[in-house]
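A short write-up of the structure that comes next.
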Amino acid sequence: MTDILLDPLPTVWEGRAIDPDFRPMVWLSNQLRRQTSNDDPLHLANEALRRFYRDPVPPLEAPDAFAALERFYLAGYPPAALGKGSGTEASCEAIYDYAFDAPFIVAAFQQVYHIDLTAEKLHWFRFVALFLALPEDTKMHRIMEIRQKDTSQMKDPERQRWEEWKELYALPGELKGGNRVATLEEREAAFIDSFS
């Protein structure tokens with residue numbers, strides 16, 4: 001893993017030239033969150049490879065290249081840190097979605113960092129670090145806080161107020177549980193199996 005404070009941010013990843021901008025990784029996250037059992041995992045993986053790597057990946061090298069792409073996507077964080085609230089990976093709900101929350105994310109980056117995500121290129125590792133550190137005074141941070149708030153121990157009217165906020169800012173039902181295929185290992189296995 002790259003030390004974001006000490007090392008230059010990589011433009012080559014595991015021996016291949018890449019597009020390190022946040023957009024290919026946001027695209028991948030959006031696709032995986034919306035993946036259904038009818039979707040072709042090979043098509044999705046090949047499109048992800050095309051967007052991420054500067055040069056075409058030979059078909060026989062595609063499984064390893066996709067595994068490397070997944071390691072880049074994690075940016076050194078555990079999978080639970082990228083899109084989940086507190087709790088176990090399987091049991092907690094997603095607290096943000098790049099497509100659904102795009103206006104709030106763009107506004108937060110502009111407000112806090114003076115970065116226009118609609119116009120500027122931003123390395124994925126830097127994007128993730130800045131996103132995970134959004135301060136409490138941004139609407140995006142507040143929305144994520146609302147989505148992950150445990151109201152089970154609250155008393156009315158506080159509980160009712162939080163439940164109303166949770167409903168107001170809820171992700172669509174199909175996105176609440178996060179990725180449809182639960183783990184990177186399962187996605188990688190499905191991709192590799194498609195070559196068999």
Side-chain angles (χ1 to χ4, degrees), residues 21-41 44 47-48 51 70 73-120 122 124-187 190:
D21 188 47
F22 70 95
R23 289 170 180 85
M25 297 297 104
V26 166
W27 177 88
L28 179 62
S29 176
N30 289 339
Q31 297 305 307
L32 292 173
R33 286 243 171 106
R34 287 154 179 80
Q35 188 175 8
T36 68
S37 59
N38 296 333
D39 292 338
D40 179 10
L44 178 120
E47 182 61 20
R51 289 171 181 264
E70 289 179 322
Y73 174 81
L74 292 174
Y77 295 97
L82 300 179
K84 301 285 190 177
S86 57
T88 63
E89 176 77 17
S91 68
C92 62
E93 292 187 355
I95 62 169
Y96 64 86
D97 177 75
Y98 292 123
F100 188 77
D101 294 322
F104 302 117
I105 295 169
V106 168
F109 271 70
Q110 187 70 49
Q111 173 189 342
V112 176
Y113 308 120
H114 307 288
I115 296 172
D116 181 356
L117 291 178
T118 66
E120 295 183 39
L122 187 63
W124 173 245
F125 290 1
R126 186 167 175 232
F127 174 88
V128 170
L130 295 173
F131 182 74
L132 294 176
L134 285 174
E136 293 178 6
D137 66 340
T138 62
K139 181 123 183 180
M140 188 66 226
H141 185 281
R142 184 73 174 141
I143 289 170
M144 291 188 295
E145 180 184 8
I146 289 167
R147 288 177 182 157
Q148 70 181 348
K149 188 71 166 181
D150 179 7
T151 59
S152 63
Q153 303 300 317
M154 292 180 183
K155 296 189 185 329
D156 283 334
E158 180 185 24
R159 180 182 191 154
Q160 183 178 353
R161 185 172 58 247
W162 276 96
E163 291 298 328
E164 287 172 2
W165 289 337
K166 287 173 86 67
E167 186 176 329
L168 179 65
Y169 292 111
L171 290 171
E174 66 273 12
L175 298 177
K176 285 184 177 180
N179 296 343
R180 294 183 184 274
V181 180
T183 67
L184 291 174
E185 291 79 18
E186 289 173 351
R187 286 195 297 273

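Here, residue 1 is the first one in the sequence, and each next residue gets the next number.
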Straight-line distance of [X] [atom1] to [Y] [atom2], nearest 0.5 Å:
{"X": "F125", "Y": "L74", "atom1": "CZ", "atom2": "CG", "value": "9.5 Å"}
{"X": "Y96", "Y": "L134", "atom1": "OH", "atom2": "CG", "value": "10.5 Å"}
{"X": "F22", "Y": "E120", "atom1": "CZ", "atom2": "CD", "value": "9.5 Å"}
{"X": "M25", "Y": "E70", "atom1": "CE", "atom2": "CD", "value": "10.0 Å"}
{"X": "Q110", "Y": "I105", "atom1": "CD", "atom2": "CD1", "value": "14.5 Å"}

Within the 4.5 Å heavy-atom criterion, are [X] and [Y] side-chain neighbours or not?
{"X": "R159", "Y": "D156", "answer": "yes"}
{"X": "D150", "Y": "W162", "answer": "no"}
{"X": "R51", "Y": "L28", "answer": "no"}

Are side-chain N/O atoms of N38 and T36 paired as donor and acceptor at under 3.5 Å?
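No donor-acceptor contact under 3.5 Å links the two side chains.
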
Closest heavy-atom contact between [X] and [Y]?
{"X": "R126", "Y": "I115", "answer": "NH2-CD1, 3.9 Å"}
{"X": "F109", "Y": "L130", "answer": "CE2-CB, 3.8 Å"}
{"X": "K166", "Y": "K149", "answer": "NZ-O, 2.9 Å"}
{"X": "N30", "Y": "A99", "answer": "OD1-N, 3.2 Å"}
{"X": "D21", "Y": "L122", "answer": "OD1-N, 2.7 Å"}
{"X": "I95", "Y": "M144", "answer": "O-CG, 3.4 Å"}

Please walk me through it: do V112 and T138 pass side-chain contact (heavy atoms from CB on, under 4.5 Å)?
CA-CA 8 Å; V112 176; T138 62; 3.2 Å; yes

Judged by atom type as modelled, is there a donor-acceptor pair below 3.5 Å linking the side chain of [X] to the main-chain atoms of [Y]?
{"X": "T151", "Y": "M154", "value": "no"}
{"X": "K139", "Y": "A108", "value": "no"}
{"X": "R147", "Y": "Y169", "value": "yes"}

Check step by step if salt bridge (Lys or Arg N to Asp or Glu O under 4.0 Å) holds for E145 and R142.
CA-CA 5 Å; E145 180 184 8; R142 184 73 174 141; 3.1 Å; yes

Give me the ring orientation class for F131 and F127: parallel if the planes are under 30° apart, tilted from 30 to 60°, perpendicular past 60°.
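Parallel.
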
Tell me whether the rings of Y73 and W124 are parallel (<30°), tilted (30 to 60°) or perpendicular (>60°).
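Geometry flag for W124 against Y73: parallel rings.
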
Could R34 and Y98 be counted as a cation-pi pair, given that NZ or CZ must be under 6.0 Å from the ring centre and within 45° of the axis?
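Checked: cation-pi criterion not met.
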
